[in-house]
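Okay, so here's the structure we're looking at.
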Amino acid sequence: MQMNLCLSGLGGCYKRVKYPAVVREAITRIRDASPDAVTFNEACSGDVAVIAQRTGYYLRFSKVIYNGKPLPCIRPGGRGLFGDAVLSKASILSAASQPFKAQAGPERREWLCATIRIGIDVCTAHLAAHEPDEVAANKPQCAELGAILARRAAARAVIFGGD
């Protein structure tokens with residue numbers, strides 16, 4: 001399952017997000033579907049920690065750097081840092097994340113992969129958009145992500161969800 005929660009408080013999509021109802025909805029969808037793994041983009045560390053705790057999933061989180069520093073979630077504040085996450089029913093053995101080589105715009109885009117106890121990798125990324133200030137980084141990020149996923153797939157099964 002893949003979810004973009006749009007929870008920074010800054011994105012244009014945030015005007016349509018009903019907080020905290022969106023967190024309750026994520027919990028309900030996960031409980032109803034019972035997926036083996038869930039990937040999140042545009043999430044807040046505190047919110048995904050609540051989602052993981054209430055659904056019984058394991059969690060790995062990767063913070064986003066915005067204008068050179070970690071971005072605290074706002075509206076309301078106190079929900080931790082903005083970033084991406086992987087949740088898994090099975091325990092997570094390790095995780096890795098790195099920024100993409102190509103970057104454009106204020107948000108440093110990264111990939112995140114978690115190696116799960118059952119022998120798979122679950123990965124996510126929030127790629128540069130097709131907006132004028134980011135479009136130059138989109139194709140190079142897609143190519144780099146493809147290479148990363150192919151390398152991982154040579155060792156074990158890989159599940160990817162992102163945007």
Side-chain angles (χ1 to χ4, degrees), residues 1-17 22 26 29-30 35-49 51-52 57-75 79-88 90 92-163:
M1 179 181 283
Q2 157 63 21
M3 295 183 189
N4 182 321
L5 298 181
C6 189
L7 287 178
S8 71
L10 296 177
C13 56
Y14 189 71
K15 294 175 186 128
R16 298 184 306 273
V17 172
V22 68
R29 286 180 180 233
I30 293 167
D36 292 325
V38 184
T39 58
F40 287 97
N41 300 124
E42 297 192 50
C44 297
S45 58
D47 295 329
V48 291
I51 293 167
Y57 282 64
Y58 295 89
L59 165 68
R60 286 298 181 276
F61 182 82
S62 175
K63 70 181 177 284
V64 165
I65 301 300
Y66 194 88
N67 285 328
K69 59 186 178 195
L71 178 64
C73 292
I74 60 171
R75 297 186 204 149
R79 296 177 300 129
L81 296 175
F82 182 64
D84 302 312
V86 169
L87 271 64
S88 171
I92 297 173
L93 300 176
S94 64
S97 67
Q98 290 285 326
F100 291 103
K101 291 178 181 81
Q103 298 287 335
E107 185 177 333
R108 184 184 74 190
R109 307 293 182 144
E110 293 192 6
W111 57 267
L112 166 64
C113 289
T115 300
I116 311 303
R117 180 183 48 82
I118 59 174
I120 62 171
D121 282 0
V122 179
C123 302
T124 191
H126 188 231
L127 299 169
H130 291 281
E131 303 297 323
D133 65 336
E134 293 184 5
V135 70
N138 182 269
K139 284 185 182 179
Q141 287 177 2
C142 287
E144 184 179 352
L145 178 61
I148 290 163
L149 297 176
R151 277 194 308 273
R152 289 181 168 270
R156 65 187 60 82
V158 175
I159 298 170
F160 175 80
D163 68 359

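Nothing here was measured: the structure is a model prediction, and the numbers come from that model. In this chain, residues are counted from 1 in sequence order.
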Nearest-0.5 Å distance, OG of residue Ser62 to CG of residue Asn41: 10.5 Å
Check: Glu134 side chain, Gly105 main-chain N or O, donor-acceptor pair, under 3.5 Å: no
Shortest non-hydrogen separation from Asp133 to Pro106 and the atoms involved: OD2-CD, 3.9 Å
Arg60: salt bridge (charged side-chain N to carboxylate O under 4.0 Å, His left out) partners, not counting sequence neighbours: none
Straight-line distance of Leu93 CG to Ile116 CD1, nearest 0.5 Å: 7.5 Å
Verdict with reasoning, Met3 to Ile30, per side-chain contact (heavy atoms from CB on, under 4.5 Å): CA-CA 10 Å; Met3 295 183 189; Ile30 293 167; 3.9 Å; yes
Listed pairs under 3.5 Å, donor-acceptor, residues 136-145 side chains, sequence neighbours left out:
residue: Asn138; atom: ND2; partner: Ala128; partner atom: O; Å: 2.5
residue: Gln141; atom: OE1; partner: Ala128; partner atom: N; Å: 2.7
residue: Gln141; atom: NE2; partner: Ala102; partner atom: O; Å: 2.9
residue: Glu144; atom: OE1; partner: Lys101; partner atom: N; Å: 2.9

Non-hydrogen side-chain atoms of Cys6 and Val17 separated by less than 4.5 Å: yes
Where Trp111 and Ala125 come nearest, the two heavy atoms and their spacing: CA-CB, 4.1 Å
Heavy atoms of other groups near Arg152 CZ, more than 12 under 6.0 Å: yes
Over all atoms of both residues, closest heavy-atom pair of Ala26 and Leu5: CB-CD2, 4.5 Å
Nearest heavy atoms of Gly162 and Thr39, plus distance in Å: N-OG1, 4.3 Å
Residue pair Ile65 / Pro70, side-chain heavy-atom distance below 4.5 Å: yes
Approximate separation, where rounding is to 0.5 Å, of Ile148 CD1 and Cys113 SG: 7.0 Å
Nearest-0.5 Å distance, CD of residue Gln103 to CD of residue Glu110: 8.0 Å
His126 vs Asn4, side-chain contact (heavy atoms from CB on, under 4.5 Å): CA-CA, chis, key distance, verdict: CA-CA 9 Å; His126 188 231; Asn4 182 321; 3.8 Å; yes
Closest heavy-atom pair and its distance - Ala95, Leu112: CB-CD1, 4.5 Å
Atom pair SG/CG of Cys73 and Asp47 - distance to nearest 0.5 Å: 6.5 Å
Sequence neighbours excluded, every pair satisfying salt bridge (charged side-chain N to carboxylate O under 4.0 Å, His left out) that has a member inside residues 153-163: Asp121-Arg156
Side-chain (Arg109) to main-chain (Pro99) donor-acceptor, under 3.5 angstrom: no
Reference residue Phe40; test side-chain contact (heavy atoms from CB on, under 4.5 Å); the match among Leu59, Thr124, Ile51, Leu7: Ile51
Which atom of Arg117 lies closest to which atom of Ala90, heavy atoms considered: NH2-CB, 3.9 Å
